[in-house]
K.L.:
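Following this message is one structure expressed as structure tokens.
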Amino acid sequence: MPELPEVETVVRSLRGVLTGRHIQAWQIFWPRSLDDPELPATLQQQADNRITGLTRRAKWILVLFANGSRIGIHLRMTGRLYPVSMQEWPTLDKHLISWAWQLDESEWLVFADQRRFGRTIWLPDENSYNAFNARFGPEPLGRKFTTASLFRALQGSRRQIKPWLLDQTRIAGLGNIYVDESLWLAQIHPQTATNLVPPKQAQLLRDSIRKVLRRAIAANGTTFMNFKFLSGSEGGYTDELLVFRRQGQPCPRCQGLIERIQVAQRSTHFCPQCQPWLVRS
DNA sequence: TCGAATGTTGCGAA
DNA sequence: TTTCGCAACATTCG
């Protein structure tokens, strides 16, 4: 359950649950999910383990501690992060769980992950956080994601636009679903070379990305098989998808048939009729 | 049995 | 230097 809106949904739903709590114990079921095997011991040695907040950067969940250290959690394809009561905890099937924190008042925070791709990293200080932060491009919903900066960046590359948008060093947080949706809304063919996108289309693309992400966040994300936030609630954006996994169905804009092709090893959905190869302004 | 699945990384070859 | 394809990670589902 992986893209920006789903991660944002998890962060918002867990912020109130985690803020102010302490991690009393850490149970590890899949050690490889930890970037640093010493992380649990390191955390225990911290004088103050109070969680002061929860934020998101790209598709990472960041848990903030009182002394300025952070833990980053990436859900990858199938990760889920949710609280579980003390009563419920013993009944859980542990083989799907990568790790779990025991919080104050005897609640558990579970990181369950069917495919076990999810990762957890340790950012002890500002230096490590800055290095982490530098790995990503601008947040698409942030102030720095302007039409001018997007157009400039597009001019600097000759790659196909779809893999370019998926590249987290260019824009942070977009994944396969929302790239297809955004390109459809902006009427840009996914294989268009980035440097051939005219300024007007760049503006439309920037606005489309923000519109799609905002609507998805408002709907609590998209649910396929694995994404559920908190205990079992489903994301509502699944019903609002206009092209993703709708191959063979009529385009909502022009009634052409949605096609599915491979672009950069990812399944890609678009309308060949109203997303021409290259759009001129 | 094979292929594909919301993601990321690293390697080697154009 | 940039871009691209592929494998790997691990598991389930159709």
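Residue numbers start from 1 in every chain, and the chains themselves are labelled A, B, ... in the order their sequence lines are given, proteins ahead of strands.
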K.L.:
Could you check whether A:His95 and A:Phe29 have their ring centres less than 6.0 Å apart?
P.N.:
no

K.L.:
Using a cut-off of strictly less than 4.0 Å, decide whether A:Gln265 has a side-chain nitrogen or oxygen near OP1 or OP2 of C:dG5.
P.N.:
yes

K.L.:
Is the A:Phe244 to A:Trp184 ring centre distance short of 6.0 Å?
P.N.:
no

K.L.:
Grab the CG-P distance between A:Leu174 and B:dG7 for me, whole Å please.
P.N.:
10 Å

K.L.:
Ignoring backbone atoms, establish whether A:Arg135 has a side-chain N or O less than 4.0 Å from OP1 or OP2 of B:dT8.
P.N.:
no

K.L.:
Quick one: is C:dT2 close enough that its OP1 or OP2 comes under 4.0 Å of any side-chain N or O from A:Arg158?
P.N.:
no

K.L.:
Would you say A:Gln168 reaches B:dT8's phosphate, i.e. side-chain N/O to OP1/OP2 under 4.0 Å?
P.N.:
yes

K.L.:
Would you please confirm or rule out a distance under 4.0 Å between OP1 or OP2 of B:dA4 and any side-chain N or O of A:Arg115?
P.N.:
no

K.L.:
Taking CD from A:Gln114 and P from B:dG7, how many angstroms apart are they, rounded to a whole number?
P.N.:
16 Å

K.L.:
May I have the distance from A:Arg76 (atom CZ) to B:dT9 (atom C1'), rounded to whole angstrom?
P.N.:
8 Å

K.L.:
Reckon A:Thr78 has a side-chain N or O less than 4.0 Å from the OP1 or OP2 of B:dT6?
P.N.:
no

K.L.:
Is it true that A:Arg70 and A:Glu126 have a side-chain N and a carboxylate O under 4.0 angstrom from each other?
P.N.:
yes

K.L.:
Please determine if A:Arg215 and A:Glu240 form a salt bridge, counting it only when a charged side-chain N lies under 4.0 Å from a carboxylate O.
P.N.:
yes

K.L.:
Do the side-chain N or O atoms of A:Ser157 get closer than 4.0 angstrom to the phosphate oxygens (OP1, OP2) of C:dT3?
P.N.:
yes

K.L.:
Measure CZ/A:Phe117 against P/B:dG10 and give the value in whole Å, please.
P.N.:
15 Å

K.L.:
Would you verify whether the NZ or CZ of A:Lys94 falls within 45 degrees of the ring axis of A:Trp89 while also being under 6.0 Å from that six-membered ring's centre?
P.N.:
yes

K.L.:
Check every atom of C:dT3, C:dA10, B:dT6 against the side chain of A:Arg170 and return the nucleotide holding the closest atom.
P.N.:
C:dT3

K.L.:
Go through B:dT6, C:dT12, C:dC4 for me and flag the one nearest to the A:Arg159 side chain.
P.N.:
C:dC4

K.L.:
Mind checking A:Arg32 for me? I need base, sugar-phosphate or nothing, with any heavy atom below 4.0 Å counting as a touch.
P.N.:
sugar-phosphate

K.L.:
Hey, does the side chain of A:His74 come within less than 4.0 Å of B:dT8's phosphate (OP1/OP2), counting only N and O?
P.N.:
yes

K.L.:
Can you tell me how far P of B:dA4 sits from CD1 of A:Ile261, to the nearest Å?
P.N.:
14 Å

K.L.:
Write down the distance between NZ (A:Lys162) and C1' (C:dT3), rounded to a whole number of angstrom.
P.N.:
17 Å

K.L.:
Considering Watson-Crick and G-U wobble pairs with both distances under 3.5 Å, what does B:dG12 pair with?
P.N.:
C:dC4

K.L.:
Take the protein atom CD of A:Glu240 and the nucleotide atom C1' of B:dT6, then report the distance between them rounded to whole Å.
P.N.:
17 Å

K.L.:
Hey, does A:Trp30 reach any base, or is it just sugar-phosphate, or nothing, if we go heavy atoms under 4.0 Å?
P.N.:
sugar-phosphate

K.L.:
Calculate the interatomic distance between A:His95 atom NE2 and C:dA10 atom P; express it in whole Å.
P.N.:
15 Å

